[in-house]
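Data block below; observations after.
Chain A is the first sequence line, chain B the second, and so forth, proteins listed ahead of strands; every chain is numbered from 1. None of these values were measured; they are calculated from a predicted model. Just the heavy atoms: all of them, side chains too, but no hydrogens, waters or symmetry mates, feed the values below.
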There are 2 protein chains.
Amino acid sequence: MDTLETRELRYFVAVAEELHFGRAAERLGMAQPPLSRAIQQLERRLGVTLLDRDRRGVALTAAGEVLLREARAALDATTAAARRTRRAARSGERLVLATKAGASHELLRDLLDAYAAEPEAAEVEVLMCGIGEQARLLRDGRADVALVHRPFDDLSGFDTEDLLTEGQVAVLPAGHPYATRGSLSMAEAADVPGLPIARWPRLDGTYPPGPGPEVKDQAQMAQLVALGLALIVIPASAYAWLWAEHAAVPVSDAPAVTTTLAWPAHSRSLPLARLVGVATRL
Amino acid sequence: MDTLETRELRYFVAVAEELHFGRAAERLGMAQPPLSRAIQQLERRLGVTLLDRDRRGVALTAAGEVLLREARAALDATTAAARRTRRAARSGERLVLATKAGASHELLRDLLDAYAAEPEAAEVEVLMCGIGEQARLLRDGRADVALVHRPFDDLSGFDTEDLLTEGQVAVLPAGHPYATRGSLSMAEAADVPGLPIARWPRLDGTYPPGPGPEVKDQAQMAQLVALGLALIVIPASAYAWLWAEHAAVPVSDAPAVTTTLAWPAHSRSLPLARLVGVATRL
DNA sequence: GCGCTGTCATACCCGGCAGGTATCACAAAG
DNA sequence: CTTTGTGATACCTGCCGGGTATGACAGCGC
């Protein structure tokens, strides 16, 4: 019952993702034959067929799907081990906080200020990342803690602390007739003539269907709205990046958004514990 | 930024746990010199000192502590990958459910019955384990899902579904004067003359202080109570294993215990999803 | 102080296996 | 039937993981 080596897992993930031995080998910086052999060995050692080689193409078996998912998690865990160990050794202690660019401005500012006021506060590095990337950064050790937003982000596997629940607002071009309304319903927001709701990616990177333009960060949204090409519905705290050409109107029936602090479940870092403590008292 | 091999992690964990290269090498089934060399290489590659070799003994540095924790998690993840892959390939699908021996009898029976009644139900193997072992079994892939009890078990890192919340009862020898009482308070239970409360291990394996005997499973508890040497306070559903020599009295102010279904956060197994679905409808 | 013992590090050797190159086998396309 | 693209096979080589023997050094008993 020998244990799998990370090398084998890396190879398998490459092949499973490319579904092509040649390209996978290239990505791994090696030749194709040893890669084929390594995968065969892996299959023999597990006693399981992972790939259906069907001349002209490779497909994952059910067991292969399982291994792909598990192997990714295991690889993330090992790289996280290396990263966190290196970080623990360097420069005393230091926290890396991942957050979506532009979101929860005031909350983040207050949190950092309050934490910095603590005696023995560690240095906090803020890592701005794209939508939905926080979980990945936490899992592979690039971040120690993250500000995430329910129900948008995937929190499974983390410890969390809710910080703030808030409604959402519709952001419109400043001169638009609806900009002076006191509030809107989702139905109204979805049906503004000439202003489709912009779509942003879901957890898996795909976009929901709809007429609006696809965007991938707040800067794109801001510009599209300022240009009068779309409207967007966002948490009220994302307000901070509003331009002069924007107006915000509360959306009465949009789902509430909770800003949450999340960190790896097994973390025992003292500075992190202190940051969480500060956050709860905010 | 090369990635760590599981072999290195295994070696490091052995040394970190033994704090002795010789014993660690023996445990790993190898000679001591190559182990020393491997650890040195690991330290060089990470650019971090993990161990303070201080003639006569080895001690972990702060970075070493971090790596020990992270390495254990990573190793669990890789062995889980192997186990789950093998299991996915064998015998169609099959679920392994871990539970504390003797706890939540009726609930477990109902759950298994309801699940078995489903069309396309997978085979469920019930794995009885000791107190607090469920989390480990889930983490290293020996189990797919577990029945755990809040606030006793460590649920960090898992998805969960609460099934049942209940009070606790004091279990006494059948003939004891208090056995006929309608209810007790914690203060009263803690102060029964000649009957100290038995202590069971906490998450880390240590015992809380107190006058009562230390026990490690329900059979020991049962016997101690039947012998008139101790009383215990347990969730009402653990009732099922009561002997004729026992009597149970509700404890009015004991913290409520919730029986919870827990599973690895990233699991995507269809039979598991079905089991969770059945559980929520229970 | 002088061995003795227990500990980790060093020196050196060897065999297996990861990786490379060349080639094969085969299926689909034309 | 050739061409093209694919993964598998055959075979070689060098590196590195592992073994043995030994060194360096701290504490201990006398």
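Contacts between residues 26-38 of chain B and DNA chain C, defined by a heavy-atom separation under 4.0 Å, are made by Gln32(B), Pro33(B), Ser36(B), Arg37(B).
Counting to the nearest Å, the P atom of dT6(D) and the CD atom of Gln40(A) are 18 Å from each other. Here dA24(D) presents its P atom at 19 Å from CZ of Arg53(B), a figure rounded to the nearest Å. The distance between atom CG of Leu50(A) and atom P of dG7(D), rounded to the nearest whole Å, is 15 Å. Between the CG atom of Leu42(B) and the C1' atom of dG17(D) there is a distance of 15 Å, rounded to whole Å. When the P atom of dC8(C) is taken as reference, atom OH of Tyr11(B) falls 17 Å away, rounded to whole Å. For the pair Leu4(B) CG and dG17(D) P, the interatomic distance rounds to 13 Å; values are reported in whole Å. Atom C1' of nucleotide dC17(C) and atom CD1 of Ile39(A) are separated by 16 Å, given to the nearest angstrom. Between the C1' atom of dC17(C) and the CZ atom of Arg45(A) lies a distance of 12 Å, rounded to the nearest Å.
At a threshold of 4.0 Å, the pair Glu8(A)-Arg45(A) counts as salt-bridged, since one of the basic side-chain nitrogens sits closer than that to a carboxylate oxygen. Classification of Arg27(B) and Glu17(B) as a salt-bridged pair holds, one side-chain N sitting under 4.0 Å from a carboxylate O.
The closest side-chain donor-acceptor pair between Thr280(B) and Glu161(B), if any, does not fall under 3.5 angstrom. Checking Gln40(B) against Ser36(B) by side-chain atom types alone, no donor-acceptor pair falls below 3.5 Å.
Proximity of His20(B) to the phosphate of dC8(C): a side-chain N or O atom is located under 4.0 Å from OP1 or OP2.
Backbone-only engagement by Gln41(A) is indicated by non-hydrogen atom pairs under 4.0 Å involving sugar-phosphate atoms exclusively. Across all strands shown, Glu5(B) has no heavy atoms under 4.0 Å from either base or sugar-phosphate atoms.
In this structure, the side chain of His149(B) does not engage the main chain of Phe152(B) through any donor-acceptor pair within 3.5 Å. Checking side-chain atoms of Arg274(A) against main-chain N and O of Tyr115(A) turns up no donor-acceptor pair under 3.5 Å. Distance alone, capped at 3.5 Å, is enough to place a donor-acceptor pair between the Asp140(A) side chain and the Arg142(A) backbone.
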